[in-house]
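Written out below as structure tokens is the structure these notes cover.
Hydrogens, waters and symmetry mates are skipped; everything else that's a heavy atom, side chains included, is used. Order of appearance sets the numbers: ligands from 1, and atoms from 1 within every ligand. We're numbering straight along the sequence, starting at 1.
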Amino acid sequence: MSRFGSATALAVALVTIVAVAASGAGPAPPVGAELEALSQPPSFSSLASQRIYFVLPDRYRNGEPANDKGGLSGNSRQTGFEPADPGFWHGGDLKGLTGNCTDTKTGLARIKSLGFTAIWVTPVVKNQVYQGTTAGYHGYWGLDFTTVDPHLGTDQDFTSFVDCAHSLGLKVYLDVVVNHTGDTISLSTTGFVPPSQVPYRDCHGKKFNPARYVTRKFPCQNAKHMPNNPYVLPPLRHVKSPAWLNDVTNYHDRGNIDFSSCSAECLEQGDFFGLDDLFTEKPVVMNGLAQIYGNWITKYHVDGFRVDTARHVNAAFFRLWVPKILASARSAGITDFPIFGEVFSTDDLYVSQFVRDRGLPFALDFPFQDAAAGFASGSTNAGALRDRLDDDDYFRTPNGIEPTPPTFLGNHDMGRAAFQIEQKGGGTGDTLLKRVLLGYDLLYLLRGAPVVYYGDEVGMIGTGGDQQARQDMFPTQVQDWQTQDRVGSPPIGTGSSFDVTDNPIEEHLKTLAKLRDDYPALSTGPSIVRYASGKVLVVSRFDLHDAREYVAAFNAGTTSATVTFPVSTSLVGFRPVFGGVAGSSIEYQWKLTLAPMSSQLVRAESPLTLVPPTPPTLRVSGDDLTSMWRVSAAVRGLLPVSVAFAVKRRSGGWTRLDVDDSQPYRAFLDPAKFKKNEKVQLVAVVRSLDGKTAVSGVVPFTVHAR
Ligand SMILES: [Ca+2]
Ligand SMILES: [Ca+2]
Ligand SMILES: [Ca+2]
């Protein structure tokens, strides 16, 4: 049973208000220029059209053996270099990743030839060499945030890398960390000490709540009044750069996050696996982080950021930091600078708060990963994917920018795509291969920007997450990695993965990339889920420019499936453009047969027959999944439209709540953003693909708390 189906009984018990036609009395609906502005369809970030290759430079290719030890000497703990150990530097670098910019067998030219349009590199800043039992080869233990880690090369190497990427038409998304630095601060306890036990105190010993000072003069502080007696060994006291990073009062100093029992406070103020947790409420820290990363934009002209550990910074952080980063981008002539964050959770309602309420522009789609890898493996029904697509509505904001999550099947932390699908019951050998290909079909044929983790294209599976998922592309000295099974290719032995050019995954990714190039509807088209039952998912996508319908259909079952579903295109055929054979039409319905573990994409042979929209019916009811009010619009007909929802408060004009281009058409009204029991007016505006509009009746509503 669907979540929305199961929740119906609950919703009925709550207030439901149905629109009444505006009858002359009461506020007038929007008209003219105001109506035109409100009803604008969603716009898309450039992120929506990207296909992203995600890589750890240390593991891709060694272009300069002279930098393997980062200019250091001594044993592996001192240099960080030990290519036979998964937890150390292996020699890969920016020169290797860049290549000569023309050879499609290695380097960036290879990544371009695989059909990617963008590259996401793990952080390149200078890291702590050694910490705990491993080295900082992954980039997430920054010490000097102003320069490239010497193991990866020089600042000039990074310039050459970005320049080559741009000359090939590839965008560069830099991984940045705003939550923590490498671990140099010792604390008197390792467990988390909550503010209820030890509050922050100013330099005079007076208690204060840092959340109240994010935009005000921050209280004076000194080390003596910080929790847990922060202490830095003398040789480490000046290793961080810029210099403000060496001040222990610029860190929370509360001890480690305990992931098994952690409050929101602990998630935000605790040390992430011992890493020094930045006091991101402090203006000096937030501004310092904006300065550091703004410089990476103005100096190197990177095209966007992936933000690490985004769920671990304070609630106000992104609202303050993102505008500063965007201003730096504009000063470098970059007007569309995508920023997507890592909110490591499979709960899309939780993740959505970061976009809707906290000012994070986009979020990596962990909930989709869970549903898509589960579906591809044959273990999760299609309903989970339908729910995830529907829940995009929780990510919508008044700015009208379509939610565009980067989507993925696996990563460097949770393990590779094939590992994830195998773990969820996807089998082995040829079955696993088919299921991995099906997983990539979901990424490329559904909304979002597909992210492929390096090495997945040559069949790497790995045996776990983190260190077990960070294999070398070049000949590896890690013995386990030489003998590991791969999907679609034999174990690599002592060979180079750059010599593996016939893996079916690689071929498949190229085919899917071409589909995205040929049919922009796959990147920027609205989605209507047509069928989601058992192991079969069917989604219509629409090209808004030529009013053309596409249907993407997926069967994760082990038997063939024949399904009939509604379409928006009448009485004409659909032509297969990927997989399968043509189906057959009944009026406004289409019937397809899908082979086991396969996908199809079909394209309508003629455009939609557009008719003017009719006024929608607007309803407000308590949302059954959150404490918000759900504003929904019932729209007649089968044609794709966009629906803008607007609110009018006591003074001022109509302002948009959101604009939704995919059924169900919804906006959410958060009582926290209104006065208690505030009286407002609501309206919904339907806009057809050819720009004609129809307006609902104006609905009065009192915003009670829920
Ligand atoms: Ca090297
Ligand atoms: Ca934090
Ligand atoms: Ca919707």
Handout entry: Cation over ring face, Arg212 and Phe218, 6.0 Å, 45°
Key = no
Problem - Cation-aromatic face contact Arg470/Tyr454, 6.0 Å, 45 degrees - result: no
If you check every N/O/S atom of [X], which is the one nearest the Ca ion (ligand 1)?
| X | answer |
| --- | --- |
| Asp68 | OD1 |
| Glu64 | O |
| Asp93 | OD2 |

Exercise for the section: Please check if atom NZ in Lys126 has more than 12 non-hydrogen atoms from other residues, nucleotides or ligands closer than 6.0 Å. Expected result: no
Handout entry: Heavy-atom neighbours of Lys69 NZ exceed 12 at 6.0 Å
Key = no
Practice task
Examine all N, O or S atoms of His312, backbone included, and report whether one is under 3.0 Å from the Ca ion (ligand 2).
Solution key: yes
Handout entry: the Ca ion (ligand 2) to nearest N/O/S of Thr280 below 3.0 Å
Key = no
Exercise for the section: Please name the atom of Glu268, restricted to N, O or S, that is closest to the Ca ion (ligand 2). Expected result: O
Practice task
Round to 10° and report the angle made at the Ca ion (ligand 1) by OD1 of Asn67 and OD1 of Asn62.
Solution key: 140°
Practice task
Would you check if the Ca ion (ligand 3) lies under 3.0 Å from any N, O or S atom of Arg666?
Solution key: no
Exercise for the section: Tell me whether Ser662 has at least one N, O or S atom under 3.0 Å from the Ca ion (ligand 3). Expected result: yes
Which word best sums up how the rings of [X] and [Y] line up, parallel for under 30°, tilted for 30 to 60°, or perpendicular for over 60°?
| X | Y | value |
| --- | --- | --- |
| Tyr60 | Phe498 | perpendicular |
| His312 | Phe259 | perpendicular |
| Phe317 | Trp321 | parallel |
| His90 | Tyr137 | parallel |

Fill in the blank from the handout: ang(OD1 Asp660, the Ca ion (ligand 3), OD1 Asp393) rounded to 10° is 80°
Exercise for the section: Could you tell me whether any N, O or S atom belonging to Gly91 is less than 3.0 Å from the Ca ion (ligand 1)? Expected result: yes
